[in-house]
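Data block below; observations after.
All residue numbers in this chain count up from 1 along the given sequence. Every number for a ligand or one of its atoms is a count from 1 in the order of the listing.
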Amino acid sequence: MILSSVVKTAIALAMLGYSAASPTPSSSSVADSHPTVPNELTLGVKQVPNILNETAVDANQVAKGYSLTNVTATPRGLTGLLNLKGATNIYGYDFDKLNLTVTYQSDNRLNVRIAPVNLTDVYILPESLVALPKVEGDVNTFEFENSDLIFSYDSENFGFEVKRASTAEVLFSTKGNPLVFSNQFVQFNTTLPKGHQITGLGESIHGSLNEPGTVKTLFANDVGDPIDGNIYGVHPVYYDQRYDTGTTHGVYWRTSAIQEVVVEDQSLTWRALSGVIDLYFFSGPDPKDVIQQYVKEIGLPAMQPYWALGYHQCRWGYDTIDDVKNVVENFKKFNIPLETIWTDIDYMDTYKDFTNDPYRYPTDKYQQLLEELHSNNQHYVPIFDAAIYVPNPNNATDNAYTPFHAGNESDIFLKNPDGSLYIGAVWPGYTAFPDFLNNKTQEYWNEQFKTWHDRIPFDGIWTDMNEVSSFCVGSCGSGRYFDNPVHPPFAVGAPATSYPLNFNVTNATEWASISSAIAATASTPVPEATSSSSSSIDSKNTLAPGKGNINYPPYAINNAQGDHDLATHAVSPNATHVDGTVEYDIHNLYGFTQEKAIYNALLNIAPDKRPFIIGRSTFAGAGHYVGHWGGDNSADYDMMYFSIPQAFSMGLSGVPFFGVDVCGFNGNTDMELCSRWMQLGSFFPFYRNHNVLGAISQEPYVWESVTEAAKTSMNIRYLLLPYYYTLLHESHTSGLPILRSFNWEFPYDKKLSGIDNQFFVGDALVVTPVLQPGVDKVKGVFPGTDEVYYDFYTTEKQNFKNDKNETLDAPLGHIPLHIRGGHILPTQEPGYTTTESRKNPFGLLVALDKDGKAAGKLYLDDGESLNVTESLYVDFVAGDNELSVSAFGDYKVEQPLANVTILGVDKKPEGVKFGDSKVNYKYEKGTVYITGLEKYTKEGAFAEEFTVSW
Ligand SMILES: *[C@@H]1O[C@H](CO)[C@@H](O)[C@H](O)[C@H]1NC(C)=O
Ligand SMILES: *[C@@H]1O[C@H](CO)[C@@H](O)[C@H](O)[C@H]1NC(C)=O
Ligand SMILES: *[C@@H]1O[C@H](CO)[C@@H](O)[C@H](O)[C@H]1NC(C)=O
Ligand SMILES: *[C@@H]1O[C@H](CO)[C@@H](O)[C@H](O)[C@H]1NC(C)=O
Ligand SMILES: *[C@@H]1O[C@H](CO)[C@@H](O)[C@H](O)[C@H]1NC(C)=O
């Protein structure tokens, strides 16, 4: 499903308040006395993206390529010399000699590296920033026949090919297309089979497949979720699933460069604006193998604390600490589980990091609320912005902001090319940006976080704006920070006027009253960025020595900002790090390096507690430190749908702990959408409702029917917490995602390849959400000729046919959920919080397959230690009318096992035994319900091995 990106972007921008509409008074009383960042400082230089420029030179046609000489075999592959056949200097200066190194790193991983022989001014991504896959085993020997990948090349017109030995299929081939390698433009073009199935190349709001015609721009961008445009994170990896041979491989380009990938009918063209080619081929052969092979190399996902699985409530617009307290109390009043309450920038003192507003969030009341939360086993997570406020030296009160002074004294902020401080603008006004390449930054960071945490003992960090975003172009605050604090250069917090599709049908009266208001504002124009030059000092000084024009590279990417300028809504490419590295080369890593530093700062506070961080801008390997939310979506059905392919894409990129703003961020939501979304969101690893300033409230207690829908789903989620925690651990140890797509579960059935409106949780649960308004049925597929599926709610075996689109009842308040036969799911009786849930008895859901067999597992530990010393692994196996349970590990579970429910038992058993003891049971419609097992498991559910037979 592809909607017009232009329309959606316009809507998103309008919602963000980019319109020239009159500024709305903010709730802050001091706000109105501040000046605003002048609008002209926000205007970049209009760029025509290369892919939209009809007269642009086609590098593939014009470039003359390289010839390969001096090929020498090495114990693990070969090396050779590539000689430029004629300079064309299309988008930069061609390198005349390149070094080709091919290395079989392991049985399933092949590395092809092409770098200039003369590396002066060439950016080489260091291992300290992004993990570097290494040769496994003895570097001097390799059994080439153990690899399923065969490398070959053409010499005269250099091109290379990777074939799969077992199928003789060409997986990748640049033969016939010239390699282009210049200082500001590196390109290769590989063939793809007709009807290819390419996934990955995130982050973007897009269906799960990158169908022909897709262009993926990989440049971290602060923008409200435009469809098909580049958004917050960058994951330069794609998976290529071949149904004709039933194999999948992955291709990872380990580069932090600005990139663009053109996917066509039978080719994929990958472009980077700097750096070297460092490609890794993962041979699979199943999609789940490829995911594990890739994620293991970039960094296995973080083990989140147990409480991260609870329900999270947030909004922008909890204006005071009393508002927050009310929300917490309302959840309790309506008995809706609330694990964690979050606050957006409202809590800050004029939006400055490490502060709290003395009037709206006074420290004593703030601390008191946190104390209450903690004593109720609840948690609190504040937002944190990437930029540090530069105080006004002419105002003593303002100037008392030590986080800036401490950083400035340690000299750890990004610089302009002339060595002066780079000053952009974010929420508080003019700001500086910590340089995470500077060794001293971590110490500074540790100190600031520790001081803040000593005062406000938060439980995790939500890190925003770390693309890294800046609201003006260039170092706009140079010489202007005397104006601080200043407002952002656009209106903030105007009442939201849009409502979801179908709102007028479901909320007829409410609609009538607001529609006139909407009509009045609907035509608010989104300003066209003009080509007038920016007045900030740095856009004029963009020629980096030896690097060319880095602010306006000769190849213009399709950056999803109105004027496509790389410095619009981002720190400028010429901002400079301590070692001379320019943002141009590592812009895509800013968020990742910041998240690592926050991770370390949280460990500095609590050395053995798993840091809980939700980050916005991610890169390959970020999942090792953070989870991710989908960013600024909007309250509409299409965004609810896109959350599913976004979850798949983040999962295969090693960031499985993912969720989006449930009920929608931008715009107003409504009862129907919020009801559907609260239910869908409850199955995502990260489950948080979040809302924009100015929109109507959307906590699940706002509408009675949403309360009921949310409670129903939350009850299932909390019941399944042991299953989710086990999946979290599996993900942490293997790299496998938690939400799984049909094409990973059934990799040989091409008809399933594009399915992204249904998903699996682990291997055992199928979720079929309603993604449209005004319906009470939903279609779904339930694949496999040998599979058995059970309705989760009725436990009845379904008569689903493979290859058939089934129609399911899905009235509002009901989300179809099915258990796949062959699986055993551990459960625990839900409590109000995850802590309380963990004090309740366990249960087991045994869903037999067609042969009466099933298996499952459970992982448990204390739920918070970073270095786990005591853990518990439980194996469940069922077959021949018997379930056996065995456990190993030192972690003790005190809670008993209360019940076992067995699905798919064809006839009523004559008796049921726990070990040798006859136990009570009930048989109904193919399900055996065994209860009252507590008396046999008093020492703890898994303290001893046991069997249950029927
Ligand atoms: C389009 O591409 C051509 C050839 O590279 C270039 O000369 C021209 O400036 C580009 N047009 C724009 C508007 O950038
Ligand atoms: C990639 O190569 C194919 C085959 O030569 C060609 O048809 C296609 O236009 C090329 N794509 C790009 C973006 O250069
Ligand atoms: C490549 O081979 C040529 C001819 O044998 C030789 O002169 C040259 O030194 C070699 N270059 C390298 C970098 O090995
Ligand atoms: C080519 O690259 C390899 C691996 O980076 C390096 O070991 C080798 O010295 C390089 N050779 C030349 C001629 O630059
Ligand atoms: C490498 O390139 C730099 C910059 O172009 C040049 O100054 C230097 O002489 C070159 N080195 C060699 C060994 O060719």
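- For ligand 2 and S267, the ligand atoms under 4.0 Å from any heavy atom of the residue are 1 (C).
- Listed by number with element, the atoms of ligand 2 under 4.0 angstrom from any heavy atom of R271 are 13 (C).
- In terms of protein heavy atoms, atom 14 (O) of ligand 4 is closest to N99 ND2, 3.0 Å.
- Within ligand 2, the atoms closer than 4.0 Å to a non-hydrogen atom of N60 are 1 (C), 2 (O), 10 (C), 14 (O), numbered from 1 in the order shown.
- For atom 2 (O) of ligand 4, a protein heavy-atom neighbour is found at a distance under 4.0 Å.
- A side chain to side chain contact (heavy atoms under 4.5 Å, CB included) with W270 holds for exactly one of L201, N189, T255; it is L201.
- Exactly one residue among Y232, Y590, F219 makes a side chain to side chain contact (heavy atoms under 4.5 Å, CB included) with E467. That residue is Y232.
- The protein non-hydrogen atom at the shortest distance from atom 8 (C) of ligand 2 is E264 OE1, 3.7 Å.
- Polar contact check, N189 against ligand 2: a nitrogen or oxygen pair lies under 3.5 Å apart.
- By the criterion of a heavy-atom distance under 4.0 Å, neither the backbone nor the side chain of K175 is placed next to ligand 2.
- With respect to the salt-bridge test (charged N to carboxylate O, under 4.0 angstrom), the residues D265 and K194 qualify.
- Salt-bridge formation is not detected for the pair D244/R242: no Lys NZ or Arg NE/NH1/NH2 atom is positioned less than 4.0 Å from an Asp or Glu carboxylate oxygen.
- The protein non-hydrogen atom at the shortest distance from atom 4 (C) of ligand 5 is T120 CG2, 3.9 Å.
- A side chain to side chain contact (heavy atoms under 4.5 Å, CB included) with F142 is found for one member of V135, T103, T74, D107 and no other, namely D107.
- One finds a salt bridge joining K296 and E136 here, because a Lys/Arg side-chain nitrogen approaches an Asp/Glu carboxylate oxygen to under 4.0 Å.
- Relative to the six-membered ring of F592, K596 meets both conditions, a distance below 6.0 Å and an angle of at most 45° to the axis.
- The residues R164 and D148 are annotated as salt-bridged, a charged nitrogen and a carboxylate oxygen being separated by less than 4.0 angstrom.
- Under the 4.0 angstrom criterion, atom 11 (N) of ligand 5 counts as having a protein heavy-atom contact.
- Listed by atom number, the atoms of ligand 4 under 4.0 Å from T101 heavy atoms are 1 (C), 2 (O), 3 (C), 4 (C).
- Distances shorter than 4.0 angstrom do not occur between any heavy atom of E260 and any atom of ligand 2.
- Considering Y66, F188, F172 in turn, F172 is the only one that fulfils the ring-ring contact (aromatic ring centres under 6.0 Å, His included) rule with F160.
- When hydrogens are left out, the protein atom nearest atom 5 (O) of ligand 5 is N118 ND2, 4.8 Å; that is the closest non-hydrogen contact.
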